[in-house]
Engineer: 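Below you'll find the structure I mean.
In the text below, chain A, chain B and the rest are named by the order of the sequence lines, each starting its count at 1.
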Amino acid sequence: MATRALKSARLRRLRRAELSSDTLLLARQLIGHYVVHDHPQGRLVGRIVETEAYPPGDPACHAYIGPTARNASLFLRHGHAYVYFIYGTWFMLNVSSERAGQGAGVLLRALEPVAGLELMRRLRGVETPTELTRGPGRLAQALAIDRAQDGVDLCRPGPLWLAAGPGPTGEIGVSVRIGLTRAVEQPWRFYERGNPHVSGPLRLRR
DNA sequence: TCACTGATCGTCT
DNA sequence: GACGATCAGTGAG
């Protein structure tokens with residue numbers, strides 16, 4: 001069982017030097033690595049299976065308008081969390097993705113639940129494994145991510161961090177990004193093909 | 001499985 | 001005052 005194997009194995013924190021500081025490369029590279037939240041009630045771990053890149057100069061990127069109070073974390077050097085609130089209900093977790101002062105990020109769109117599933121079920125209020133972390137709003141809720149994690153350095157000791165994973169198990173698919181009204185044609189979404197935890201319509205999961 | 005709709009509130013204009 | 005990197009529920013094919 002994946003959960004048991006992970007508990008016996010020791011997770012290794014990803015060093016910043018291992019992470020690309022090119023947004024598109026990082027979005028692809030993050031597939032297969034782990035997000036870990038050491039929550040007071042237990043460790044929550046998910047394996048990244050879907051990302052979207054929001055590179056410098058992208059009109060859909062929140063940093064496009066320049067630095068503001070909300071998007072400040074996107075301008076931190078790569079490897080920091082950018083968490084924002086949207087639609088009055090949901091938080092989204094991103095990883096800053098370029099050098100300091102250059103606003104860009106990678107949105108984590110879906111995870112495969114790996115450890116802490118019982119706590120994830122309580123946080124989400126659902127039972128089905130594929131409904132726990134499929135979609136950016138859901139994964140943030142399942143990992144108890146909120147504004148408190150905005151600006152956190154994911155490469156330093158702390159409750160929220162990135163751990164080295166096994167990498168992609170299958171082929172990485174590429175598609176347009178989901179839910180946008182600007183720059184809709186850019187193929188900047190990356191996902192593990194055929195993985196049932198990937199979000200979006202079927203044609204964007206195959 | 002897909003398309004459509006309402007909910008909901010922080011952020012920026 | 002408008003809008004949004006979403007989700008759950010509903011109804012149709």
Engineer: Quick check on contacts: within residues 194-206 of chain A, what sits under 4.0 Å from DNA chain C by heavy-atom distance?
Structural biologist: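 None, since no heavy atom is under 4.0 Å.
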Engineer: Where does the chain A footprint on DNA chain C start and end, counting 5' to 3' with a 4.0 Å heavy-atom cut-off?
Structural biologist: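 The protein-touched segment is dG4(C) to dA8(C).
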Engineer: What I want to find out is whether D22(A) reaches R28(A) closely enough, with some N-O distance under 4.0 Å, to be called a salt bridge.
Structural biologist: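 Salt bridge: no.
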Engineer: Verify, without hydrogens or angle tests, whether R43(A) (side chain) and G116(A) (backbone) share a donor-acceptor contact under 3.5 angstrom.
Structural biologist: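 Not at all, since once roles are kept as given, no pair shorter than 3.5 Å links the two residues.
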Engineer: Would you check if F75(A) and P67(A) make a side-chain contact, meaning some heavy-atom pair closer than 4.5 Å?
Structural biologist: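 With C-beta onward as the side chain, the pair touches.
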Engineer: So which pairs with a foot in residues 119-144 of chain A pass side chain to side chain donor-acceptor pair (under 3.5 Å), sequence neighbours left out?
Structural biologist: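 Non-adjacent pairs meeting side chain to side chain donor-acceptor pair (under 3.5 Å): E118(A)-R121(A), R124(A)-Q141(A).
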Engineer: Select base, sugar-phosphate, or nothing to describe what R124(A) touches, counting heavy atoms under 4.0 Å on all strands.
Structural biologist: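 Counting heavy atoms under 4.0 Å across all strands, the contact made by R124(A) is with sugar-phosphate only.
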Engineer: Do W161(A) and V152(A) have side-chain heavy atoms sitting under 4.5 Å apart?
Structural biologist: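 Not in contact.
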Engineer: What residue pairs, at least two apart or across chains, pass ring-ring contact (aromatic ring centres under 6.0 Å, His included) with a residue in residues 35-60 of chain A?
Structural biologist: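 Passing the test, one end in residues 35-60 of chain A: H37(A)-H39(A).
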Engineer: List, one per line, each side-chain donor-acceptor pair under 3.5 Å for residues 12-19 of chain A, sequence neighbours excluded.
Structural biologist:
unit_1	atom_1	unit_2	atom_2	d
R12(A)	NH1	E18(A)	OE2	3.0
R12(A)	NH2	E18(A)	OE1	2.9
R13(A)	NH1	R156(A)	O	3.0
R16(A)	NH1	H78(A)	O	3.0
R16(A)	NH1	D153(A)	OD1	3.2
R16(A)	NH2	D153(A)	OD1	3.3
R16(A)	NH2	D153(A)	OD2	2.7
E18(A)	OE2	R15(A)	N	2.8

Engineer: Counting only heavy atoms not in F85(A) (residues, nucleotides, ligands), do more than 12 fall under 6.0 Å from its CZ?
Structural biologist: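 Yes.
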Engineer: Scan nucleotides 4-7 of chain B against the protein and return all N/O pairs shorter than 3.5 Å with their distances rounded to 0.1 Å.
Structural biologist:
none

Engineer: How about P136(A) and L107(A): do any of their side-chain heavy atoms sit closer than 4.5 Å?
Structural biologist: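 Counting from C-beta outward, P136(A) and L107(A) do come under 4.5 Å.
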Engineer: Could you check L180(A) against R138(A) and say which one's nearest nucleotide on DNA chain C is further toward the 5' end?
Structural biologist: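 Between the two, 5'-proximity favours L180(A).
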Engineer: Check nucleotides 10-13 of chain B against the protein and report each pair of N or O atoms closer than 3.5 Å, with its distance, or say if there are none.
Structural biologist:
unit_1	atom_1	unit_2	atom_2	d
dC12(B)	OP1	T68(A)	OG1	2.4

Engineer: Mind checking which stems touch DNA chain C? I mean at least 3 consecutive Watson-Crick or G-U pairs, both distances under 3.5 Å.
Structural biologist: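 Detected stem regions: B:1-7 with C:6-12, B:9-12 with C:1-4.
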Engineer: Please list every donor-acceptor pair under 3.5 Å in which a side-chain atom of residues 166-176 of chain A meets a protein atom from a residue at least two apart or in another chain.
Structural biologist:
unit_1	atom_1	unit_2	atom_2	d
T169(A)	OG1	E192(A)	OE1	3.2
E171(A)	OE2	R193(A)	NH1	3.0
S175(A)	OG	R189(A)	NH1	2.9

Engineer: Looking across every strand, which nucleic acid part, if any, lies under 4.0 Å from G137(A) by heavy atom: base, sugar-phosphate, or nothing?
Structural biologist: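 Since only primed, P, OP1 and OP2 atoms lie under 4.0 Å of G137(A), the category is sugar-phosphate.
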Engineer: May I ask you to establish whether R109(A) and Y191(A) are in a cation-pi arrangement, using a distance under 6.0 Å from NZ or CZ to the six-membered ring centre and at most 45° from the ring axis?
Structural biologist: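 No; the conditions do not both hold, so R109(A) does not lie above the ring face of Y191(A).
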Engineer: What pairs with Q102(A) under side chain to side chain contact (heavy atoms under 4.5 Å, CB included), at least two apart in sequence or on another chain?
Structural biologist: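 Side chain to side chain contact (heavy atoms under 4.5 Å, CB included) check on Q102(A) returns P56(A), E98(A), R99(A).
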Engineer: Using side-chain hydrogen bond (donor to acceptor under 3.5 Å, both in side chains) as the criterion, list what pairs up with H197(A), not counting sequence neighbours.
Structural biologist: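 Expected list: N195(A).
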Engineer: Would you mind reporting whether Y34(A) and L162(A) have side-chain heavy atoms less than 4.5 Å apart?
Structural biologist: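 Result no, sub-4.5 Å side-chain heavy-atom pair not found.
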Engineer: Excluding sequence neighbours, so at least two apart, what forms salt bridge (Lys or Arg N to Asp or Glu O under 4.0 Å) with D150(A)?
Structural biologist: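 In terms of salt bridge (Lys or Arg N to Asp or Glu O under 4.0 Å), with neighbours along the sequence ignored, D150(A) is linked to no residue.
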Engineer: Start at the 5' end of DNA chain C and walk down; is the nucleotide closest to Q141(A) or to R182(A) reached first?
Structural biologist: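 Nearest-nucleotide comparison on DNA chain C picks R182(A).
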